[in-house]
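Numbers restart at 1 for each chain; the letters A, B, ... are given by sequence-line order, proteins then strands.
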Number of protein chains: 2
Amino acid sequence: MPSDATLDGSKQCPIGRAAGCGAGRRCPMSPRTYEAGAMLCGESSAAERLWYVQHGSVALFRETGDQRGAGVPWAVRRPGQLVGDECLVQEGYSDTAVALTQVTLCVASRDSFNQWIDNVGVVASRAVMGLVISARCADGPRPTSAEGSAVRRVARWLADEARDGRAPEMPRGVVAGLLGMLPETFSRALSRLSVMGAIKSTRREIRVVDADVLMAVAAE
Amino acid sequence: MPSDATLDGSKQCPIGRAAGCGAGRRCPMSPRTYEAGAMLCGESSAAERLWYVQHGSVALFRETGDQRGAGVPWAVRRPGQLVGDECLVQEGYSDTAVALTQVTLCVASRDSFNQWIDNVGVVASRAVMGLVISARCADGPRPTSAEGSAVRRVARWLADEARDGRAPEMPRGVVAGLLGMLPETFSRALSRLSVMGAIKSTRREIRVVDADVLMAVAAE
DNA sequence: CGTCGTCTTGATCTTTCTCAACCTGTGTGG
DNA sequence: CCACACAGGTTGAGAAAGATCAAGACGACG
């Protein structure tokens, strides 16, 4: 997919629009595809690149203290959001970013991106500012057990995230982490919701079959 | 405190620096003081102002679904960070912001701030961009019970946040929320740490008396 | 001095974490 | 093409942690 594949008016990405791709200017970022599971950057490693998500989703993990290997997933970046934008203000990445699905990302190096901002001016930095602010607002706090039982949190997540009665496809361990629970607990909550008739859950997908029941559990 | 109280070189705030206060230009934000407990803005109410924290700290609360009144505290804004910057990109605030201590904030209306950015140009929007990005990176995910016991999380928080052996002064209920536990649980954890001899805790302050013990519990 | 909000303490019960075994779909190599 | 190994997911039994409910203590403030 060439970088000018997004030229058509309103569907153009904010970076491309700020760059004036429509007017024949070059976008500072170039598209690339990664497989699911690919690690884009590691927490506290040298921050040299940033990405704009075109398609797919990317999970952000952060170590909590001196924890063991993996860290906890705490946010997901979706199409229209930036990943690794902290490279613009600091030397190391704040999070480990991993592709949850196959993703199409536009990449830029920090230096070229900074140059681009300086060349284009306020329109560019405003565009980046807007992206960063909206991404942060979209990050809700991870819920804890004080915010309702595991079943309820899962029900609420399904109610919020399901499109066409299908939950987003991402590893269950990641979802569990985002919801502040262990994979086992998440799995048990799905079983309970299945028994209640709210959902049908197989190993590879979760379908909502009775939204009313789901909402009832979520509200409870 | 007049807005040019921060003129002295490196201690000048990023907004003032971008505005060129040193060169006699006017800062777009004007300082103001609020008492502890003052609510700056309410979640989803009309977003018309943003603040820069000069002194003190501000807690951000967000409703989790259809929860009861208060919502959960999930982040703290400290000196050098912005509050309510989402007004630049959306109509309603994402969080309820409450002053935790007496605070000195610089305020600006959305419109005047936007005008200022357009007048000053890329230097201004870059400064805002930097502030927003670093604030977001500073927000860690709220821990849950999977990330260690309550005592351990409290120990870690004390180890991270205590200055001169004193924990930051803020309501215990807020700290509990940030640590993903109930006020009762937080209080019990403090008792345990007191018994271990790591801290001395009264109703109005928490002092670290044995950092080694504290670190041992935190690492565990 | 009395009231109120916040914090603490206590007893009990539910939840979920823990540890372990097992299942299942995927990919690999013979 | 099949057997196998592997990662991710599920299920189960048990224990420990934290939530809940309730009452009391302390400090702030009028």
Query raised in the report: Do NZ/NE/NH1/NH2 and the carboxylate oxygens of A:Glu86 and A:Arg62 come within less than 4.0 Å?
Result: no
Query raised in the report: Rounding to a whole Å, what distance do you find between B:Leu190:CG and C:dG10:P?
Result: 15 Å
Query raised in the report: Under 6.0 Å from the CZ atom of A:Arg192, do we count more than 12 heavy atoms belonging to anything else shown?
Result: no
**Report entry** Flag if over 12 foreign heavy atoms under 6.0 Å of CD, B:Gln90
**Finding:** yes
Report task. Would you mind checking if B:Asp139 and B:Arg77 are paired as a salt bridge, meaning a charged N to carboxylate O distance below 4.0 Å? Result -> yes
Query raised in the report: Is there a donor-acceptor contact under 3.5 Å from the side chain of A:Arg142 to the main chain of A:Gly177?
Result: yes
Query raised in the report: Do the side-chain N or O atoms of A:Ser191 get closer than 4.0 angstrom to the phosphate oxygens (OP1, OP2) of D:dT11?
Result: yes
Report task. Starting at the 5' end of nucleotides 23-30 of chain D, put B wherever the base has a protein heavy atom under 4.0 Å, S where only the sugar-phosphate does, and a dash everywhere else. Result -> --BBSS--
**Report entry** Whether B:Tyr93 and B:Trp51 hold their rings parallel, tilted or perpendicular, with breakpoints at 30° and 60°
**Finding:** tilted
Query raised in the report: Side-chain contact, heavy-atom cut-off 4.5 Å: A:Met196 with A:Asp210?
Result: no
Requested in this report: Could you tell me whether B:Glu147 and B:Arg156 have a side-chain N and a carboxylate O separated by less than 4.0 Å?
Outcome: no
**Report entry** Euclidean distance, atom CG of residue B:Leu179 to atom C1' of D:dA19 [Å, nearest integer]
**Finding:** 16 Å
Query raised in the report: Which residue, A:Ser201 or B:Gly180, contacts DNA chain D at a nucleotide closer to its 5' end, judged by nearest heavy atom?
Result: A:Ser201
Query raised in the report: Any side-chain heavy atom of B:Arg136 within less than 4.5 Å of one from A:Asp85?
Result: yes
Report task. With a 4.0 Å heavy-atom cut-off, tell me which residues in residues 181-189 of chain A come close to DNA chain C, sorted by residue number. Result -> A:Leu182, A:Glu184, A:Thr185, A:Arg188
Query raised in the report: Near DNA chain C, which residues from residues 161-175 of chain A have a heavy atom under 4.0 Å away?
Result: none
Requested in this report: Heavy atoms only: give me the nearest A:Glu63-A:Glu43 pair and the separation to one decimal.
Outcome: N-OE1, 2.9 Å
Requested in this report: Report yes or no: does A:Ser134 contribute a side-chain atom to a donor-acceptor pair with the main-chain N or O of A:Gly130 at less than 3.5 Å?
Outcome: yes
**Report entry** Presence of B:Arg153 side-chain N/O under 4.0 Å of D:dA17 phosphate oxygens OP1/OP2
**Finding:** no
